[in-house]
Amino acid sequence: MKKLNGSQMIIEALNLEGVNVVFGYPGGAALNIYDEIYKQNKFTHILTRHEQAAVHAADGYARASGKVGVALVTSGPGFTNAVTGIATAYADSIPLILISAQVGTPLIGSDAFQEIDAVGISRPCVKHNYLVKDINELPRILKEAFYIARSGRPGPVHIDIPKDITAAVANFEYPKEINMPTYKPTIKGHAYQIKKACEAIKNSQKPIVYIGGGAVSSGASEEIRKFIKNNKIPAIMTLMALGVIDSKDPLSLGMVGMHGSYAANMALSQTDLIICFGARFDDRVTGNLNEFAKNAKVIHVDIDPSSIGKIVSVDYPIVGDLKSVVTDINAKLLVQNDNFKDWRNQIEIFKKLHPLGFKDNAKVIKPQWVVSETAKIVGDEAIIATDVGQHQMWVAQFYPFNRPRQLLTSGGLGTMGFGLPAAQGASHTCDDKKTPVVAFSGDGGFLMNIQELMTLKATNKRVINIVMNNNFLGMVRQWQTSFYEKRYSQTDLSSQPDFAKIAEGFGALGFSVSTKDEFKKALKKALASDKTSVIEVKVDRFENVLPMVPAGAAIYNMMLE
């Protein structure tokens with residue numbers, strides 16, 4: 001057993017947990033920790049240019065890799081800047097550790113310089129949090145934090161560590177395993193419930209597989225693809241699940257919900273059995289609950305029991321790890337005949353009736369074209385991050401995702417400014433020269449964390465940023481067009497900087513394009529370069545994302561034109 005100070009314990013614990021990259025920003029209360037990082041050099045520390053970006057980068061790293069992301073910030077404003085990041089991770093169930101420094105224990109509650117009640121603030125938007133008051137508790141807390149973040153339904157865990165604790169010395173004994181009597185996630189699904197669910201599937205005529213982000217978290221894509229293929233059941237995905245089923249699979253109906261495909265929304269409305277794998281029946285999917293899938297029974301598989309029955313009534317609840325449960329279902333279920341051929345034929349009619357598409361234009365670049373063309377040029381291996389807004393939905397609709405963890409996007413919280421730092425985090429999971437990392441942004445969201453271009457320059461990482469510039473807060477403008485009689489209150493962004501020149505000022509490649517040919521040439525130059533790039537694409541200002549389900553409407557009541 002060795003004696004270590006608190007800062008050394010943190011470094012040692014991160015090393016034992018296999019952490020190889022940490023994103024952060026130093027400050028007074030965190031100086032002991034940063035001094036130890038300097039002395040030990042046991043992992044790569046990425047100095048972001050803002051604390052919010054540090055947490056988004058850790059989040060993007062976690063989404064792309066499946067590992068726990070780690071961010072480190074100082075007290076007071078350092079922590080409060082990070083809150084949006086942990087709330088974003090919490091909304092999407094992303095495993096993440098945020099370590100924040102705190103003023104010394106004797107100063108807590110005295111309104112000291114850069115003091116804030118960090119654990120009180122973080123409590124609503126983390127899976128768990130800790131204020132470390134005793135150096136002897138620190139090894140256990142660090143071990144528990146990683147265990148909680150990655151187990152069960154994943155999520156962010158916050159550890160607030162006073163400065164005197166980072167300097168105090170104690171014996172360091174890192175627990176080999178964790179036993180928390182009040183926290184024991186159920187892994188194995190209940191055999192009888194699985195049996196009943198299998199019978200319900202056999203007896204249904206119009207089943208639909210509804211896949212959520214839990215399928216990505218649990219690594220269940222292969223099992224779900226096998227289930228769908230074996231039983232020939234059509235599948236729909238939430239935004240967070242895109243890529244779990246290859247978009248080219250004929251059984252995939254694409255994204256469901258407010259901006260989902262016509263076929264997906266109609267299939268969900270007319271099904272007689274929803275087979276829900278790791279989704280939470282978000283309001284953007286259900287629309288008007290009174291009209292939602294009125295004739296359907298519901299099978300709901302989720303590792304989080306609080307998610308089952310929370311929004312819609314469930315007939316066959318199964319609590320357990322999704323990969324484990326679907327594996328058990330695949331072993332038990334064998335639909336002897338092709339029971340669902342008529343149902344698939346009906347869905348083919350939906351697909352042909354209103355396919356996803358757009359009216360191309362020779363005079364102005366359509367944003368949907370930009371998404372489709374990017375996919376053709378960058379290839380199947382690219383990792384795609386998005387900011388939030390219209391461009392995010394066009395990427396969801398038109399990018400041909402073929403695997404889980406290919407799309408990194410803020411779904412639950414809808415955080416503008418997420419795309420660039422998340423892509424930056426993802427670039428540390430791969431050889432970004434062989435696996436392009438592409439971030440789609442709007443001209444509004446891109447400015448919210450544009451400073452991370454400097455971090456990319458400093459770390460010699462490459463992210464290709466495609467900024468769809470319509471000089472609007474596009475999604476809000478679309479709502480103002482449809483529901484507020486075109487009163488464009490505070491959404492006109494006609495006054496914008498020269499994004500290409502700004503990129504060059506950060507040491508990146510900068511392009512500003514207004515024709516298709518210019519875009520193709522710019523993207524190919526960006527791919528050929530080792531530098532980060534910014535491609536500003538001037539797109540149709542008034543293009544809308546369609547289909548669209550108005551707020552409060554039934555999911556089958558879509559605006560199509």
Side-chain angles (χ1 to χ4, degrees), residues 49-50 52-53 56 84 88 259 358 361 363-374 384-399 408-410 414-424 437-456 463-481 486 488-506 508-516 518-520 522-523 526 532-545:
R49 276 18 182 205
H50 195 282
Q52 179 186 346
H56 286 331
T84 299
T88 299
H259 295 292
F358 62 97
N361 190 316
K363 295 181 180 179
V364 64
I365 298 179
K366 293 291 184 177
Q368 302 95 323
W369 178 88
V370 174
V371 173
S372 300
E373 194 63 25
T374 299
I384 306 300
T386 80
D387 223 283
V388 169
Q390 285 183 311
H391 70 275
Q392 177 190 31
M393 293 297 101
W394 284 315
V395 169
Q397 290 176 335
F398 291 96
Y399 202 95
L408 320 175
T409 193
S410 170
T415 304
M416 291 176 69
F418 175 81
L420 170 53
Q424 172 180 281
V437 181
V438 179
F440 286 94
S441 295
D443 53 307
F446 190 63
L447 283 174
M448 290 191 173
N449 271 311
I450 195 171
Q451 76 286 336
E452 293 313 300
L453 291 173
M454 195 68 251
T455 309
L456 287 163
V463 170
I464 299 169
N465 296 277
I466 298 174
V467 181
M468 295 198 203
N469 188 356
N470 56 15
N471 291 122
F472 267 123
L473 288 176
M475 188 61 85
V476 187
R477 190 278 309 157
Q478 179 171 333
W479 280 61
Q480 289 172 333
T481 298
K486 299 184 180 181
Y488 299 136
S489 176
Q490 306 305 310
T491 49
D492 191 314
L493 299 181
S494 295
S495 180
Q496 286 285 51
D498 185 326
F499 287 104
K501 286 184 179 178
I502 286 182
E504 290 169 0
F506 279 114
L509 296 178
F511 305 91
S512 184
V513 305
S514 54
T515 70
K516 289 181 177 180
E518 287 174 344
F519 175 75
K520 291 178 187 178
L523 182 53
T532 279
S533 58
V534 176
I535 305 173
E536 176 196 15
V537 191
K538 296 174 181 177
V539 297
D540 189 337
R541 289 198 77 193
F542 291 94
E543 187 73 4
N544 289 332
V545 181

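Residue numbers run from 1 in the order of the sequence given.
The NZ atom of Lys520 lies 9.5 Å from the OG1 atom of Thr515; values are rounded to the nearest 0.5 Å. The CZ atom of Phe446 sits 13.0 Å away from atom CE of Met468, with the distance rounded to the nearest 0.5 Å. Rounding to the nearest 0.5 angstrom, the gap separating the OG1 atom in Thr532 from the CD1 atom in Ile464 is 8.5 Å. A distance of 8.0 Å separates CZ in Phe542 from NZ in Lys486, rounded to the nearest 0.5 Å. With rounding to the nearest 0.5 Å, the separation of OG in Ser441 from CG in Asp387 is 4.5 Å. Atom CD in Gln52 sits 8.0 Å away from atom CD in Gln451 (nearest 0.5 Å).
Taking a cutoff of 4.0 Å between a charged side-chain nitrogen and a carboxylate oxygen, Arg541 and Asp492 qualify as a salt bridge.
Annotation for Pro497 and Ile502: closest pair CB-CD1, 3.4 Å, computed over non-hydrogen atoms. Contact record, Thr84 with His56: O-CE1, 4.1 Å, taken as the closest heavy-atom pair. Taking each heavy atom of Ala526 and Ile535 in turn, the nearest pair found is CB-CD1, 4.2 Å. Across all non-hydrogen atoms, the minimal contact from Glu452 to Arg49 is OE2-N, 2.9 Å. Nearest approach of Ile466 to Val537, heavy atoms of both residues: CG2-CG2, 4.0 Å. Scanning all heavy atoms of the two residues, the minimum distance from Ala522 to Val513 falls at CB-CG1, 4.0 Å.
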Pair Asn470, Asp540 - check side chain to side chain contact (heavy atoms under 4.5 Å, CB included), show working.
CA-CA 6 Å; Asn470 56 15; Asp540 189 337; over 6 Å; no
Would Gln478 and Gln390 satisfy side chain to side chain contact (heavy atoms under 4.5 Å, CB included), going step by step from the backbone distance to the final call?
CA-CA 9 Å; Gln478 179 171 333; Gln390 285 183 311; 2.9 Å; yes
Evaluate Phe358 against Phe398 for side chain to side chain contact (heavy atoms under 4.5 Å, CB included), listing each step before the verdict.
CA-CA 10 Å; Phe358 62 97; Phe398 291 96; 4.0 Å; yes
Give the C-alpha distance, both sets of side-chain angles, the deciding distance and a yes or no for side chain to side chain contact (heavy atoms under 4.5 Å, CB included) between Lys538 and Ile365.
CA-CA 7 Å; Lys538 296 174 181 177; Ile365 298 179; over 6 Å; no
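Looking only at side-chain heavy atoms (C-beta outward), Val395 and Thr374 stay at 4.5 Å or farther from each other. Residues Leu453 and Asn465 meet the side-chain proximity criterion, which asks for heavy atoms closer than 4.5 Å. Side chains of Leu523 and Glu373 form no contact here, defined as non-hydrogen atoms less than 4.5 Å apart. Residues Gln480 and Ser489 meet the side-chain proximity criterion, which asks for heavy atoms closer than 4.5 Å. Between Val545 and Gln397, some side-chain heavy-atom pair lies under the 4.5 Å cut-off. Proximity of Val534 to Phe506: side-chain heavy atoms (C-beta onward) are nowhere separated by under 4.5 Å.
Aromatic rings from Phe519 and Trp369 are positioned such that their centres are separated by under 6.0 Å.
The side chain to side chain donor-acceptor pair (under 3.5 Å) test with Arg477 singles out one residue from Asn471, Thr491, Asn544, and that residue is Asn544.
Side-chain contact check for Gln368 and Glu543: at least one donor-acceptor pair (N or O, by modelled atom type) lies under 3.5 Å.
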